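Given the structure is predicted, the values throughout are model-derived calculations rather than measurements.
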Amino acid sequence: MLGKPVLGIETSCDETAAAVLAADGAVLAEAVLSQQEHAAFGGVVPEIAARAHLAHLPGLVARVMQQAGLGFADLGGIAATSGPGLIGGLIVGAGFAKGAAMAHGLPFVAVNHLEAHALTARLPGVVPGGLAFPYLLLLVSGGHCQCVSVEGVGRHVRLGGTIDDAVGEAFDKVAKLMGLGWPGGPALERLAAQGDAARFALPRPLFGRPGCDFSFSGLKTAVAQLVAAYPAGALPGQDAADLAASFQRAVAVTLADRAGRAMEMFAARHGARTLVVAGGVAANQAIRAALTAAATTRDFSFAAPPLRLCGDNAVMVAWTGIERLRLGLTDPLDHAPRPRWPMDELAA
Ligand code: KG4
Ligand code: ZN
């Protein structure tokens with residue numbers, strides 16, 4: 001089965017995605033459908049997400065297979081996100097993959113979503129010449145915020161993480177407080193571009209503390225109190241832009257400080273010096289700039305996947321499938337999806 005293309009499927013949250021990659025990692029076809037059904041609720045509704053995955057996934061898989069010009073008999077395996085995430089969506093995606101694997105006699109790979117984000121930087125072309133293990137990963141998304149020493153396939157050591165909200169969750173909650181709609185991260189970044197980041201003094205939680213844990217709930221509360229001080233909680237245009245910019249600055253400065261600690265911890269464990277950022281929040285330019293500067297100061301090189309591969313996608317799932325298949329790592333068809341599945345439990 002080695003040397004053949006792999007189909008990847010992602011359904012752990014609100015993106016329905018499918019992709020086909022050649023065995024060397026070249027992307028033959030990819031599709032991501034960001035479910036719009038949740039906007040009216042201001043957050044992902046798990047039951048709606050599961051039903052939408054069920055409605056859209058078969059058509060999406062047919063589309064990428066057709067674009068790649070392949071039939072199932074041409075594949076070397078099928079990889080699907082099997083955790084962590086919303087259980088309904090995981091059951092849809094992994095169930096579909098296992099059904100197709102059984103029908104066509106193909107190996108199945110149960111992919112850990114966090115490992116998929118972690119291995120994206122090893123896709124050919126992301127880092128010239130390819131990225132070797134080990135490297136330091138800062139994973140910043142709507143559901144996760146953690147620093148991980150990525151030491152091999154299935155070999156990940158968590159150095160620190162958030163003690164309350166994930167950073168994307170903080171962006172989404174603050175955007176909601178400010179009436180910017182959902183998901184909030186991109187809208188907040190656009191508004192911040194018009195604002196003065198020095199206007200509001202906001203807390204920088206855990207700044208300068210030992211270790212590389214994160215905390216965002218105090219920052220969110222500080223924004224909530226500022227917003228509540230305006231009549232009906234409605235900020236005039238320039239104040240809103242200044243608050244968005246000040247919030248984004250506080251997050252960027254905090255992430256750079258925490259990542260700086262993580263780089264020191266990582267450098268003490270390994271000779272290697274590469275920082276990789278991944279996850280939806282890695283699309284934020286102010287955050288990328290702050291992390292680039294923090295890496296440069298510590299003599300680390302900095303790598304970030306292209307924007308379309310920062311958020312949830314199936315290219316990263318197919319690629320993780322390829323990395324695992326190369327090592328002979330497959331999963332049985334009775335593998336049960338796991339809503340909680342820490343990365344450091346992946347070691348065989
Ligand atoms: O990785 P992802 O697509 O899904 C999860 O696994 O969570 O990340 C989505 C998160 C959302 O919280 C979204 O608001 C945030 O990433 N996000 C951003 C930006 N683009 C997406 N946050 C800040 N700035 C952005 N440009
Ligand atoms: Zn994700």
Between [Y] and [X], do the side chains contain a donor N or O and an acceptor N or O under 3.5 Å apart?
X    : Y    : answer
H56  : Q35  : no
S12  : E10  : yes
S215 : D164 : yes
D312 : H113 : yes

Do the ring planes of F266 and H270 sit parallel (below 30°), tilted (30 to 60°) or perpendicular (above 60°)?
tilted
More than 12 heavy atoms of other residues, nucleotides or ligands under 6.0 Å from [atom1] of [X]: is that the case?
X    : atom1 : value
R51  : CZ    : no
Q238 : CD    : yes
R326 : CZ    : yes

Do the side chain of [X] and the main chain of [Y] share a donor and acceptor less than 3.5 angstrom apart?
X    : Y    : answer
E189 : Q285 : yes
D74  : G71  : yes
D242 : G195 : no
D331 : A110 : yes
S82  : A80  : yes
H53  : T11  : yes
D344 : V157 : no
R273 : R298 : yes
Y230 : P236 : no
R261 : C212 : no

Before you tell me yes or no, could you show the steps for R63 and E30 under salt bridge (charged side-chain N to carboxylate O under 4.0 Å, His left out), namely the whole-Å CA-CA distance, both residues' side-chain angles and the distance that decides it to 0.1 Å?
CA-CA 9 Å; R63 195 164 101 203; E30 60 178 302; over 6 Å; no
Path from [X] to [Y] over hydrophobic side-chain contacts below 4.5 Å:
X    : Y    : result
V153 : V111 : yes
V317 : F108 : no
F300 : V127 : no
L291 : L131 : no
L86  : L114 : no

Under the ring pair (Phe, Tyr, Trp, His ring centres under 6.0 Å) criterion, do F247 and F171 qualify, and how do the steps go?
CA-CA 9 Å; F247 167 79; F171 267 95; 5.1 Å; yes
For a side-chain contact (heavy atoms from CB on, under 4.5 Å) check, start with the C-alpha distance between R199 and D239, then their side-chain angles and the critical distance, and finish with the verdict.
CA-CA 9 Å; R199 167 86 185 279; D239 287 15; 3.2 Å; yes
Show, in sequence, the C-alpha distance, side-chain angles and deciding distance for M343 and R158, and conclude whether the side-chain contact (heavy atoms from CB on, under 4.5 Å) test is met.
CA-CA 8 Å; M343 253 171 126; R158 189 178 184 276; over 6 Å; no
Write down the atom of [X], the atom of [Y], and the distance for their closest heavy-atom approach.
X    : Y    : value
L54  : P58  : O-CD, 3.4 Å
L57  : G93  : CD2-CA, 3.9 Å
G152 : E115 : O-OE2, 4.4 Å

Are the charged groups of [X] and [Y] less than 4.0 angstrom apart, N to O?
X    : Y    : answer
R269 : E151 : yes
D257 : R204 : no
E169 : K220 : no

Out of curiosity, [X] [atom1] to [Y] [atom2], how far, rounded to the nearest 0.5 Å?
X    : Y    : atom1 : atom2 : value
L139 : C147 : CG    : SG    : 9.5 Å
L137 : S149 : CG    : OG    : 10.0 Å
L7   : L21  : CG    : CG    : 10.0 Å
T16  : I9   : OG1   : CD1   : 11.0 Å
S246 : L202 : OG    : CG    : 5.5 Å
M265 : L159 : CE    : CG    : 5.0 Å

After noting the C-alpha distance and the side-chain angles of E323 and T320, does the key distance pass the side-chain contact (heavy atoms from CB on, under 4.5 Å) rule?
CA-CA 5 Å; E323 292 247 42; T320 303; 5.5 Å; no
Could you walk me through whether L243 and V227 pass side-chain contact (heavy atoms from CB on, under 4.5 Å), step by step?
CA-CA 9 Å; L243 184 55; V227 172; 3.8 Å; yes
Ring-ring centroid check H335 W341, cutoff 6.0 Å
yes
Taking side chain to side chain contact (heavy atoms under 4.5 Å, CB included) as the criterion, tell me which of T162, D213, T254 meets it with L206.
D213
For a side chain to side chain donor-acceptor pair (under 3.5 Å) check, start with the C-alpha distance between N313 and E15, then their side-chain angles and the critical distance, and finish with the verdict.
CA-CA 7 Å; N313 66 86; E15 262 86 30; over 6 Å; no
